[in-house]
Amino acid sequence: MPELPELEILVSNLRDRVKDKRLGRPIIINPRVISGDPNLLEDRIIKDVKRRGKWVLISLDKIYLAFHLRLNGYIFLLEYREPDDYDCIILPVDGEYIHFGDPRRLAQMKIVNEIESLIEELGVDPLSQDFTLEYLSKSLKKKRSNIKTFLMDQDIISGIGNTYADEILFLAKINPTRPCQSLDEEEVKSLYKSIKDILEEALKLGGTSTEEFTNLISRDKSFEPRVHRREGEACPICETPIVMIKIGGRGTYYCPKCQR
DNA sequence: AGTTTGACCCGGACGC
DNA sequence: TGCGTCCGGGTCAAAC
């Protein structure tokens, strides 16, 4: 399940490969994940490829094409191969083909006229200049929920999912069940730094190696989660066994000693 | 209005 | 082996 770092790399590499190229006639296999009219894509030039939160956003002439991979979606850029069982649409790009699909059909592809309709509710990008300590601090004061849920709220900060939320809280030494408003000034600073540090580290390392969801990330190394999905394993700092609890229905991993 | 829960979906893990 | 059941995960809608 790709989050901000993985998508950032995917987008950057996809841009290098398809910018200024022309889309051919789309091969539609499963329209269920598509909203808007995919036939509008034919013959449009790809002007740019960007990321907005976890969205992959392709600017065309006058219209936009957007992908969200959710949990199991994928984007491959390949020479032609027969559609497989999970492909939803194949977009020809100048002799190559973007295969977009999802075995569980939760991923989405949208064709929109205005970018605003897609992104207006998204919160600030944690890697952008707009993400300041003050913004984080003010947002925390407004929220009544726990800190884990806060980090995953795309309307406040866009791009953090379950994996990096756990990793950020571990680095910041903050217990995931803590109410947002209970964090003191030092903890907010620590959280702010941890958000940036974890995301930047993951970006540098080519993201977390999960199930293959793209061929647009080549990695010789990868980000290794310290606590996420490591229930029962020793905490890398104090060797206390990592604990798993549910927060908002999501598996949440933390060290009960380091994160009080 | 803010927060929590359920639906969406289906492969894979697990149990019988 | 094979069938049935249950879980997970991000996001949105519905319920609280």
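Chain A is the first sequence line, chain B the second, and so forth, proteins listed ahead of strands; every chain is numbered from 1. Side chains are part of it too, since the values below use all heavy atoms of this structure and drop only hydrogens, waters and symmetry mates.
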Salt-bridge present (A/E3, A/R51; N to O < 4.0 Å): no

N/O donor-acceptor pair under 3.5 Å between A/N13 side chain and A/L216 backbone: yes

Rounded distance in Å - CZ (A/R32) to C1' (B/dC9): 7 Å

Distance below 4.0 Å between A/R105 side-chain N/O and B/dA7 OP1 or OP2: no

Give me the distances for all protein-to-nucleotides 11-14 of chain B N/O pairs that come in under 3.5 Å?
{"from": "B/dG11", "atom 1": "N3", "to": "A/R104", "atom 2": "NH2", "distance (Å)": "3.3"}

Stepwise salt bridge (charged side-chain N to carboxylate O under 4.0 Å, His left out) check, A/D87 with A/R81: CA-CA 11 Å; A/D87 283 344; A/R81 68 163 162 78; 3.3 Å; yes

Nearest-angstrom distance from the residue atom CG of A/D153 to C1' of B/dG2: 11 Å

Strand-adjacent residues in residues 131-144 of chain A, judged by heavy atoms under 4.0 Å from DNA chain B: A/K143, A/R144

Salt-bridge present (A/D125, A/R52; N to O < 4.0 Å): no

N or O in side chain of A/K246 less than 4.0 angstrom from C/dC7 OP1/OP2: no

Under-4.0 Å salt bridge between A/D48 and A/R15: yes

ring-ring contact (aromatic ring centres under 6.0 Å, His included) between A/Y253 and A/F170, worked out: CA-CA 9 Å; A/Y253 301 80; A/F170 176 73; over 10 Å; no

Sugar-phosphate only, base, or nothing, as touched by A/G249 at under 4.0 Å among non-hydrogen atoms: nothing

Sub-4.5 Å side-chain heavy-atom contact between A/N72 and A/Y86: no

Under 4.0 Å protein heavy-atom contact, by nucleotide of nucleotides 10-16 of chain C - B base, S sugar-phosphate only: BB-----

Side-chain ion pair, A/E224 and A/R230, N-O less than 4.0 Å: yes

side-chain contact (heavy atoms from CB on, under 4.5 Å) between A/L203 and A/E8, intermediate numbers included: CA-CA 8 Å; A/L203 203 50; A/E8 183 69 20; 3.7 Å; yes

Under-4.0 Å salt bridge between A/K257 and A/E239: no

Pair A/R229 + A/D166: basic N to acidic O under 4.0 Å: no

